[in-house]
Amino acid sequence: LATLPTRAVDGLNAEALSATSIAVSWDPVSTASGYLVELRADDDLIDTATLADEQTALTYVDLDPDTAYTVTVSVVDGEGDAGTGVTASVRTPIPAQPTPLPAPPAPETLTPDATGGIAASPTSLPADGGSVTVTGLPPLSWVSGYLYSTPISLGWAWSGPSGTATFTIPASVAGGAHRLVVLAADGTVLGWAGVSVAADAVVPASVTQTRGTLSLDPPMSLGRGGST
């Protein structure tokens with residue numbers, strides 16, 4: 001007799017419970033001897049579990065935030081062979097922004113040795129400010145920024161999987177050379193990079209020329225021939 005193919009699971013669902021955990025569940029299969037569950041992130045296999053036939057749900061914890069995961073569930077038959085897998089995708093969210101902002105570091109601590117290997121782009125901004133993207137940061141982290149010499153808070157930014165964060169330099173910043181300092185949520189200086197802001201263009205003073213007005217007293221009328 002021909003062997004019937006192992007039935008695939010139905011109702012597979014994967015949902016994020018938090019920034020670091022997901023829940024997976026599916027409908028039971030009456031002919032299953034168990035289930036093979038595989039968890040992947042960016043096509044990398046990070047966990048494999050073999051479950052009993054009565055277990056149709058599990059929870060993954062200690063995952064990375066802001067990361068796409070795929071879960072594949074296969075029915076295991078009585079011979080221990082896994083059938084065709086069914087896949088569901090889920091992405092963990094970005095965690096809540098921490099509070100409060102860390103205090104700005106003392107300017108004397110921002111030495112050349114404290115640059116930390118980070119890089120800013122662009123390094124030159126117009127007089128009305130703009131966005132600066134910082135690379136070389138720890139990935140998947142909330143970081144905060146300050147602009148020196150007088151520290152101006154640039155708020156929080158999420159570094160994402162690539163370790164890249166973007167800060168907005170306000171238009172109120174004076175023209176000249178500045179240092180963009182990036183801190184971890186605990187206040188650790190991750191590094192700093194030099195940026196410059198263009199000075200406001202000098203507007204030339206307006207010159208108003210008033211023509212003189214000739215008045216005759218008493219009034220005189222000059223004819224075409226010039227006689228009075």
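By convention here, the first residue in the shown sequence is residue 1.
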Asks: T92 side chain to D64 main-chain N or O, any donor-acceptor pair under 3.5 Å?
Replies: yes
Asks: Run the side chain to side chain contact (heavy atoms under 4.5 Å, CB included) check on R91 and D66 step by step: do they pass?
Replies: CA-CA 6 Å; R91 189 178 190 90; D66 192 18; 3.3 Å; yes
Asks: In this structure, is the centre-to-centre distance between the rings of W192 and Y148 below 6.0 Å?
Replies: no
Asks: Does the side chain of I46 reach to within under 4.5 Å of the side chain of Y60, using non-hydrogen atoms?
Replies: no
Asks: Donor-acceptor check, side chain of R179 to backbone of L147, threshold 3.5 angstrom: yes or no?
Replies: no
Asks: Check whether any side-chain heavy atom of T84 lies under 4.5 Å from a side-chain heavy atom of V75, and answer yes or no.
Replies: no
Asks: Around E79, counting heavy atoms of other residues, nucleotides and ligands shown, do more than 12 lie under 6.0 Å from its CD?
Replies: no
Asks: Return yes when atom CG of D186 has more than 12 non-hydrogen atoms of other residues, nucleotides or ligands closer than 6.0 Å, and no otherwise.
Replies: yes
Asks: Ignoring hydrogens and angles, state whether a donor on the side chain of T166 or T133 is under 3.5 Å from an acceptor on the partner side chain.
Replies: yes
Asks: So, T111 and D113: side-chain donor and acceptor under 3.5 Å apart, yes or no?
Replies: no
Asks: Got a second to check how far S144's OG is from F167's CZ, nearest 0.5 Å?
Replies: 6.5 Å
Asks: Say whether, by atom type as modelled, one donor and one acceptor occur between the side chain of T50 and the main chain of L36 under 3.5 angstrom.
Replies: no
Asks: Should V24 and L39 count as side-chain neighbours, where that means a heavy-atom distance under 4.5 Å?
Replies: no
Asks: Flag the pair P65 / W142 as yes when at least one side-chain heavy-atom distance between them is below 4.5 Å, and no otherwise.
Replies: no
Asks: Keeping Y69 on the side-chain end and A16 on the backbone end, is there a donor-acceptor pair under 3.5 Å?
Replies: no
Asks: For a quick test of reading the model, state the closest non-hydrogen atom pair linking T72 to R40 and the distance between them.
Replies: OG1-NH1, 4.1 Å
